[in-house]
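Below: one structure, written as structure tokens.
Side-chain atoms are counted along with the backbone in the values below, which use heavy atoms only and exclude waters and symmetry mates. Lettering follows sequence order; numbering is per chain, from 1.
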Amino acid sequence: MRRNGRGRRTRLLAPFFERDALVVAREMLGKRLVRRTGDGERTGRIVEVEAYVGEDDGACHARWGRTPRGSILFGPPGRAYVFLIYGMYHCLNFVVEREGFPAAILVRAVEPLSGIEAPTNGPGKVCLAFAIDRSLNGEDTTRSKTLWLEEGEHEEKIATSPRVGVAYAGRVWAAKPWRFFLAGNAFVSKARGVTRGT
DNA sequence: TCATTGATGGTCT
DNA sequence: GACCATCAATGAG
């Protein structure tokens with residue numbers, strides 16, 4: 001477990017998130033996702049993410065501008081963006097880049113470390129296993145007592161592929177290699193056709 | 001192994 | 001009214 005000089009685990013703060021989305025996406029791999037509830041603490045290593053970048057990105061929820069749902073994306077970095085998808089699952093993102101520029105990193109898969117009993121190899125399953133729903137939308141993870149990221153490492157190589165489930169975004173945006181995952185990690189999602197990367 | 005489908009409700013034009 | 005950053009179950013080959 002990575003700890004700072006006083007033996008505490010090190011939380012990721014605004015400067016980490018307030019950078020180029022693709023850089024943050026890569027660096028989020030291996031970091032520790034922490035969720036604290038009345039049931040105790042659940043933690044896991046992030047092994048797969050996707051980047052959604054700007055109003056021009058045909059797959060980003062900011063593509064219509066500042067709609068009620070997407071307004072969180074325009075806010076300060078480090079906040080959680082949680083939305084309901086297909087009427088029954090939630091997706092967890094971390095808002096990145098400077099305030100005013102809409103971008104977020106989707107957490108697609110996690111390797112369980114503690115307190116986890118359900119599978120976490122997919123964005124909907126991560127939210128189920130970590131008890132994450134829309135009540136956490138807008139949560140400031142740089143200060144939150146219930147949801148945040150901590151420092152962490154990985155030795156695996158980083159692989160990339162197009163993002164999953166965004167064919168509607170058009171040829172250009174759907175083809176962007178903005179899915180990042182740890183090559184060979186058993187907890188990466190089993191999305192068809194895009195599980196192999198470089 | 002691969003492709004297809006149903007569940008289910010919020011959010012968009 | 002159509003669509004969707006998902007998932008598990010189903011059935012064909």
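The separation between His90(A) atom NE2 and dT6(C) atom C1' is 12 Å, rounded to whole Å. Atoms CD1 (Ile72(A)) and C1' (dT11(B)) sit 15 Å apart, rounded to a whole Å. If you measure from atom CZ of Phe83(A) to atom C1' of dC3(C), you get 13 Å, rounded to the nearest angstrom. Between the NZ atom of Lys190(A) and the P atom of dA3(B) there is a distance of 18 Å, given to the nearest Å. Rounded to whole angstrom, the span from the CD atom of Glu48(A) across to the C1' atom of dT6(C) amounts to 13 Å. Between the CG atom of Leu84(A) and the P atom of dT11(B) there is a distance of 8 Å, given to the nearest Å. Met88(A) places its CE atom 12 Å from the C1' atom of dG10(B), with the value rounded to the nearest Å. Whole-Å rounding puts the Phe180(A) CZ to dA5(C) P distance at 19 Å.
In the set dA5(C), dT11(B), dA7(B), dA5(C) carries the atom at the smallest distance from any side-chain atom of Ile85(A). Taking every side-chain heavy atom of Tyr168(A) into account, dA5(C) is the closest of dC7(C), dT11(B), dA5(C). Checking dT11(B), dA5(C), dG10(B) against every side-chain atom of Leu106(A), the shortest atom distance belongs to dA5(C). Distance from the side chain of Tyr89(A) is smallest to dC7(C) among dT11(B), dC7(C), dA5(C).
Residue Arg179(A) has no polar side-chain atom (N or O) positioned under 4.0 Å from OP1 or OP2 of dA5(C). Residue Thr67(A) places none of its side-chain N or O atoms closer than 4.0 Å to OP1 or OP2 of dT11(B). Here His61(A) reaches the OP1 or OP2 of dA5(C): one of its side-chain N or O atoms lies under 4.0 Å away.
Under a 3.5 Å cut-off, the side chain of Arg163(A) and the backbone N or O of Trp173(A) do form a donor-acceptor pair. Side chain of Thr67(A) to backbone of Trp64(A): no donor-acceptor contact under 3.5 angstrom is found. Counting only distance, with no hydrogens or angles, the side chain of Glu48(A) and the backbone of Ser189(A) share a donor-acceptor pair below 3.5 Å. Side-chain N or O atoms of Arg26(A) include none that pairs as donor or acceptor with a backbone N or O of Val23(A) at under 3.5 Å.
Taking a 4.0 Å limit (strictly below) on heavy-atom distances, residues 116-134 of chain A reaches DNA chain C at Gly122(A), Pro123(A), Gly124(A), Lys125(A).
Neither side chain, Glu150(A) nor Thr10(A), offers a donor N or O lying under 3.5 Å from an acceptor on the other. In this structure, a donor-acceptor pair under 3.5 Å is present between the side chains of Arg179(A) and Ser161(A).
With Phe94(A) as reference, Leu149(A) is the one residue of Val49(A), Leu149(A), Leu106(A) to meet the side chain to side chain contact (heavy atoms under 4.5 Å, CB included) rule.
dA5(C) has its base stacked against the ring of Tyr52(A), the centroids being under 5.5 angstrom apart at an interplanar angle below 30°.
Rounding to the nearest 0.5 Å gives a distance of 8.0 Å between CG of Leu33(A) and CE of Met28(A).
Taking the six-membered ring for Trp and the full ring otherwise, the centers of His61(A) and Phe83(A) sit less than 6.0 Å from each other.
Looking at DNA chain C, the stems built from 3 or more consecutive Watson-Crick or G-U wobble pairs, each pair with its key distances under 3.5 Å, are B:1-7 with C:6-12, B:9-12 with C:1-4.
No cation-pi contact links Arg11(A) to Phe16(A), judged by a cut-off of 6.0 Å to the six-membered ring centre and 45° from its axis.
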